[in-house]
Protein chains: 2
Amino acid sequence: MNTMELLKDKLKETGFKITPQRRAIVEILIKNTDKHLSSEEIYDLVRVDCPEIGLATVYRTMQLLDDVGVISKLNLDDGCIRYEICLDKEDSHNHHHLICKNCSKIIEVKEDLLDSIERQIQETYKFEIMDHDLKFYGLCEDCSK
Amino acid sequence: MNTMELLKDKLKETGFKITPQRRAIVEILIKNTDKHLSSEEIYDLVRVDCPEIGLATVYRTMQLLDDVGVISKLNLDDGCIRYEICLDKEDSHNHHHLICKNCSKIIEVKEDLLDSIERQIQETYKFEIMDHDLKFYGLCEDCSK
DNA sequence: TTCCTTGCAAACTTTTTGCAGCCTT
DNA sequence: AAGGCTGCAAAAAGTTTGCAAGGAA
């Protein structure tokens with residue numbers, strides 16, 4: 001079963017309807033898995049195939065996909081929220097970003113490197129960790145030359 | 001030399017003037033070191049002693065303090081940027097946050113726990129790390145009972 | 001005196017909401 | 001047929017900017 005089918009099932013499970021607009025947005029997200037698009041960028045891309053769509057629908061759909069749990073949000077402090085599709089919840093948790101200060105490229109780190117740190121914090125601060133958000137800023141291989 | 005004196009020197013060094021508004025804002029920041037206030041919250045607190053101040057001045061002063069490098073920004077995805085005064089640059093780098101999903105309390109983690117992870121990433125991804133941002137979400141000691 | 005700084009108001013940006021009509025199920 | 005979904009426009013919410021007057025050095 002492909003990603004779109006999987007997603008359709010997830011939506012149906014939760015009682016939501018599958019509309020051309022939602023399908024178009026999800027298709028854009030799948031085609032741009034590693035791009036971390038903002039709502040405005042998604043809007044521009046979706047309008048190519050679906051010119052009548054409104055920006056509010058993009059925002060509402062992203063909210064919906066977030067509720068269903070198939071996207072993860074990324075805040076790069078550039079004034080907008082960015083999204084990536086992420087069908088596997090484990091993936092989204094064990095997942096960090098390297099952000100190049102020079103070319104703004106974003107590199108995904110798929111391993112989870114925080115296990116031992118989390119245990120340490122759990123112990124020292126008696127804080128029950130449920131999720132984390134880790135970003136590294138610096139220079140990518142190309143830009144550090 | 002106390003914090004305010006230190007700050008005055010830092011400002012003078014860079015050619016900025018010390019005005020009553022700026023002093024009042026810095027005093028509020030010092031009094032609320034661990035509170036992570038937003039611009040609006042700073043504005044409300046400053047107006048108690050300095051009722052004629054404008055919100056724009058608060059924004060401009062935070063921008064200035066950021067340029068001078070004495071505050072660090074914290075984005076909790078609650079729709080505004082939060083600040084904490086942070087005179088020592090090393091402190092600001094080696095500094096993480098635990099955010100309670102129940103009571104919204106923020107706990108500071110002063111140690112830097114990322115050294116070995118940074119070396120690992122540096123090696124694997126050939127990415128030259130300059131800074132990082134690490135947040136843990138979960139339940140604080142009181143709320144996890 | 002110089003020109004940096006301020007308060008005010010208006011502008012901007014990103015996101016949310018209300019509503020009447022449309023469309024998936 | 002029923003109720004969720006959509007586009008549009010207006011509203012929110014946070015932040016930035018222009019400008020003339022005011023104040024620190």
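Proteins get letters first, then strands, A, B, ... in listed order; numbering begins at 1 in each.
- With respect to Leu37(B), the side-chain contact (heavy atoms from CB on, under 4.5 Å) criterion is satisfied by exactly one of Ile28(B), Asp44(B), Ile85(B): Ile28(B).
- Distances shorter than 4.0 Å separate some side-chain N or O of Gln21(A) from OP1 or OP2 on dG7(D).
- A salt bridge between Glu41(B) and Arg82(B) is present, with a side-chain N of the basic residue lying under 4.0 Å from a carboxylate O of the acidic one.
- In the set dT17(D), dG7(C), dC19(C), dG7(C) carries the atom at the smallest distance from any side-chain atom of Thr57(B).
- Between the OH atom of Tyr43(A) and the C1' atom of dC8(D) there is a distance of 10 Å, rounded to whole Å.
- What separates CG of Leu76(A) from P of dT13(C) is a distance of 19 Å, to the nearest Å.
- Between dG14(D) and Ser39(B), no contact under 4.0 Å exists linking OP1 or OP2 to a side-chain N or O.
- We find that Lys73(B) and Asp77(A) are not joined by a salt bridge, their nearest charged nitrogen and carboxylate oxygen being 4.0 Å or further apart.
- As judged by a 4.0 angstrom heavy-atom cut-off over every strand, Leu55(B) is placed among the base-contacting residues.
- Contacts of Glu52(B) with the nucleic acid, taken as non-hydrogen atoms under 4.0 Å apart, involve only primed sugar atoms and P, OP1 or OP2.
- One interatomic measurement links the two molecules: NZ of Lys12(B) to P of dT5(C), which rounds to 14 Å at whole-angstrom precision.
- Phe16(B) places its CZ atom 11 Å from the P atom of dT6(C), with the value rounded to the nearest Å.
- Residue Arg22(B) has a polar side-chain atom (N or O) positioned under 4.0 Å from OP1 or OP2 of dT5(C).
- For Cys80(A), counting side-chain heavy atoms from C-beta on, the closest listed nucleotide (dC5(D), dT14(C), dT6(D)) is dT14(C).
- Atom CZ in Arg23(B) sits roughly 13 Å away from atom C1' in dA25(D) (whole-Å rounding).
- Heavy-atom minimum distance, Met62(B) versus Tyr83(B): CE-CG, 3.5 Å.
- Taking atom CZ of Arg47(A) as the reference point, atom P of dG7(D) lies 11 Å away to the nearest angstrom.
- Closest to the side chain of Ala56(B), out of dC8(C), dA9(D), dC4(C), is dC8(C).
- Using a cut-off of 4.0 Å between Lys/Arg side-chain N and Asp/Glu carboxylate O, Lys135(B) and Asp131(A) are scored as not salt-bridged.
- Atom CD of Glu52(B) is surrounded by more than 12 heavy atoms from other residues, nucleotides or ligands within 6.0 Å.
- For dT16(C), the OP1/OP2 oxygens have no side-chain nitrogen or oxygen of Tyr59(A) closer than 4.0 Å.
- Judged by distance alone with a 3.5 Å cut-off, no donor-acceptor contact links the side chain of Arg60(A) to the base of dG4(D).
- Remark on DNA chain D: of its neighbouring residues Pro20(B) and Ser38(B), the 5'-side contact belongs to Ser38(B), judged by nearest-heavy-atom nucleotide.
- Looking at the side chain of Ile53(A), the nearest of the listed nucleotides dT15(C), dT15(D), dG7(D) is dG7(D).
- Atom CD of Gln63(B) is separated from atom P of dT16(D) by 7 Å (rounded to the nearest Å).
- Of the candidates dC4(C), dC8(D), dC5(D), the closest approach to any side-chain atom of Lys17(B) belongs to dC4(C).
- Computed from coordinates, the Glu41(A) CD to dT13(C) P distance equals 15 Å when rounded to whole Å.
- For the pair Thr19(B) and dT6(C), the criterion of a side-chain N or O lying under 4.0 Å from OP1 or OP2 is met.
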